[in-house]
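Right, one structure below, let's go through it.
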Protein chains: 2
Amino acid sequence: MAQKVKLSTIAEALGLSTATVSLALRDSPLVAEVTRERIKAEAIASGYIYNRRAASLRTSKSGIVGVCVHDIMNPFFGEILIAIEHELDRHRQTFILSNHYDNLSKQRSFVDTMLQLGADGLILSPAIGTPASDLELAEGNSLPVVLIARTVEGSDAGSFRGDDSIGMAMLVRALIAEGHRSIAMVGGTSKTSTGRLREAGYLHALAEAGIEFRPEWRIAGPRGRHSGFDAAETFVRIAERPTAVCCFSDLVALGFMYGLSRAGLRPGIDVAVAGYDDIDEAAIATPPLTTVANGQKEVGRRAASALLARLGGTAFAETEELIVPELRMRQSSGFDWNARPDLK
Amino acid sequence: MAQKVKLSTIAEALGLSTATVSLALRDSPLVAEVTRERIKAEAIASGYIYNRRAASLRTSKSGIVGVCVHDIMNPFFGEILIAIEHELDRHRQTFILSNHYDNLSKQRSFVDTMLQLGADGLILSPAIGTPASDLELAEGNSLPVVLIARTVEGSDAGSFRGDDSIGMAMLVRALIAEGHRSIAMVGGTSKTSTGRLREAGYLHALAEAGIEFRPEWRIAGPRGRHSGFDAAETFVRIAERPTAVCCFSDLVALGFMYGLSRAGLRPGIDVAVAGYDDIDEAAIATPPLTTVANGQKEVGRRAASALLARLGGTAFAETEELIVPELRMRQSSGFDWNARPDLK
DNA sequence: CTGAAAGCGCTTACAG
DNA sequence: CTGAAAGCGCTTACAG
């Protein structure tokens, strides 16, 4: 390791030119097979390390895809990210992952870094308040952008996600079918498209069934486990407590169920609870969580494929059709009417 | 955005040299203030994007730090990563995050990519089976490595982590103090230093109290929520069922508690359960989880500081001292002896 | 099938 | 305080 090994080191050792070495290392048919083998052997023997920065400077391709979401620790994104990773790996793209925590300036500095590194593409779950011009800045500097989970108003960047309003409406309809006439919604914010659409689905299903919505049923805000937990405190203080609660996400629902228990209420018995996303944990939770499968894997796979197609210059291989949500009924919504004879 | 703007574009527009522009943009005192302001204004006006690849090729500094752990979705790592991110952000280093899923060849390809991109440093939670030579390869190519959570035998790479054996021993002693004489340990593997050390602490505390360890008490393997859930099935089939269980991690414990409930046993009442790590969720879980605080924030902060110090050429600012664990007693370990009169 | 030469966009001594 | 020139390590036409 005394001296850094570069193409020219190999070339000199073998009495060849750097051009030949470069071609051989990338399996060009232009180089005779014997020569290629000699070169590869020498590269390994000498501990050669390919300098991507130099190559990238020359070719203006970096093999890097940037991925930025609110929170990589959120299992919802985790499942999407695994699918993206899988897809990008297959195409030997390096991916750079980051959180923006819904902080616009963090997201901007990420996009900036990607621009500076010459990333080939971007997959974004846009931070709250992302203006279309931010996406145009990237696109304008030949950095294609694909969106996941959320949309950005006024932008024509493709977005891959589930059908949030339909999904939430399906869920609320199912709760109504179980006999519930007072249903709260916990979590989510109107600042995101996801929040707006799920709330719209909730309100739509209520209206459709002729149930009059009451403002105190809507506890907006929570988007994580901890804030879901805290929301239970607000919930138990509602004068005429709803018999069912649909949450913005599974994470919120799981935290909310912890909060109900803490308050002495049994989820699934005293209060019906439902989540959204069907993350891995939902099926094993206590009680198992009723939720809506939101196609995370499909979202990740399609977004990555769409981006790769754009990089390859191919026409959009993937459609932007919304992924159709599926209901997962489990015990958390199995409200026990016998426990509340007053409501019968 | 018609033509790509580079240093020379700005230089020409202003009738200056690229050298001056380059210096001005990096706030060199060598450039007169008026000139600097003119240059900066022009850079912004023209939409100039700094090309880091070019700069990095020239300076052989990339401003990139690679971070690779088994699973970024694991909240244990999540908490470490936040601390690392915070520390690196302050020093304007870009960090590239990746999972290796304890797959050695994934880890190798990550290290390789970092080498190719000319990363300045690496923070690694080494995959199972990582040989010291893998770390030497990186170091030998001037890529400094700092370890978190685990150690690598035969390597002198600094490792930042909690004192696993002491922590687990403390926990088991506490369970013994509550009156338990039969304590199982669920999860973890002897293939990692963490697994070996926590098991050693467990065995040590038993021996110390004169309790004879029984092989069926040790359910090795699980390291995630789902496998913790599955382990409960094995646990309930133990002939003389232990009254307490200490788990390899909080994630395992949380899954295990779900599993116990599924099997009809009440965690904290029928079986005392404890975790390890004190992740955020532990305190709000049902029941709240007894565990050991493992200093994730401190691990992340120290590891990042140590790496940055090495990059800066400073002597190691952070010591490699193990972080002292702290007990967090909560209700999950509050076994109700009255529920099992046979054991009194 | 192989080589010589230019150039990607920066930064860094070195002059002036 | 500013400029001319070399060079980081690749790849890519272009010759031969």
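What you are looking at is a predicted structure, and each value in this text was computed from that prediction instead of being measured. In the text below, chain A, chain B and the rest are named by the order of the sequence lines, each starting its count at 1.
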Item to check | side chain to side chain donor-acceptor pair (under 3.5 Å) assessment of B:T20 paired with B:S17 | outcome: CA-CA 5 Å; B:T20 305; B:S17 74; 3.1 Å; yes
Next on the checklist: Check this for me: does any side-chain nitrogen of one of A:E298 and A:R301 sit under 4.0 Å from a carboxylate oxygen of the other?
Outcome noted: yes
Next on the checklist: Need one value for B:T35: base, sugar-phosphate or nothing, where a base atom within 4.0 Å counts as base even if backbone is also close, heavy atoms only.
Outcome noted: sugar-phosphate
Next on the checklist: Applying the Watson-Crick and G-U wobble criteria at under 3.5 Å, what pairs with D:dA4? Answer none if nothing qualifies.
Outcome noted: none
Checklist outcome for this item: Going 5' to 3' through nucleotides 6-16 of chain D and flagging B where a protein heavy-atom sits under 4.0 Å of the base, S where only the sugar-phosphate is that close, and - otherwise, we get BBBBBBB----
Item to check | Between D:dG3 (C1') and B:E12 (CD): distance, integer Å | outcome: 14 Å
Next on the checklist: Nearest whole Å is fine: how far is D:dT2 P from B:E33 CD?
Outcome noted: 12 Å
Checklist entry - Do the charged groups of B:R223 and B:D71 touch, with an N to O distance under 4.0 Å? => result no
Next on the checklist: Using 0.5 Å steps for rounding, measure from the CG atom of A:N99 to the CD atom of B:E85.
Outcome noted: 5.0 Å
Next on the checklist: Using a heavy-atom cut-off of 4.0 Å across all strands, would you classify A:G118 as base, sugar-phosphate, or nothing?
Outcome noted: nothing
Next on the checklist: Between the side chains of A:D102 and A:K191, is the shortest nitrogen-to-carboxylate-oxygen separation below 4.0 Å, so that they form an ion pair?
Outcome noted: no
Checklist entry - Has B:T20 got a side-chain N or O lying under 4.0 Å from the OP1 or OP2 atom of D:dT2? => result no
Checklist entry - In the structure shown, which nucleotide is the Watson-Crick or G-U wobble counterpart of D:dA13, with both distances under 3.5 Å? => result none
Next on the checklist: Taking the basic N atoms (NZ, or NE/NH1/NH2) and the acidic carboxylate oxygens, is any pair closer than 4.0 Å for A:R36 and A:E33?
Outcome noted: no
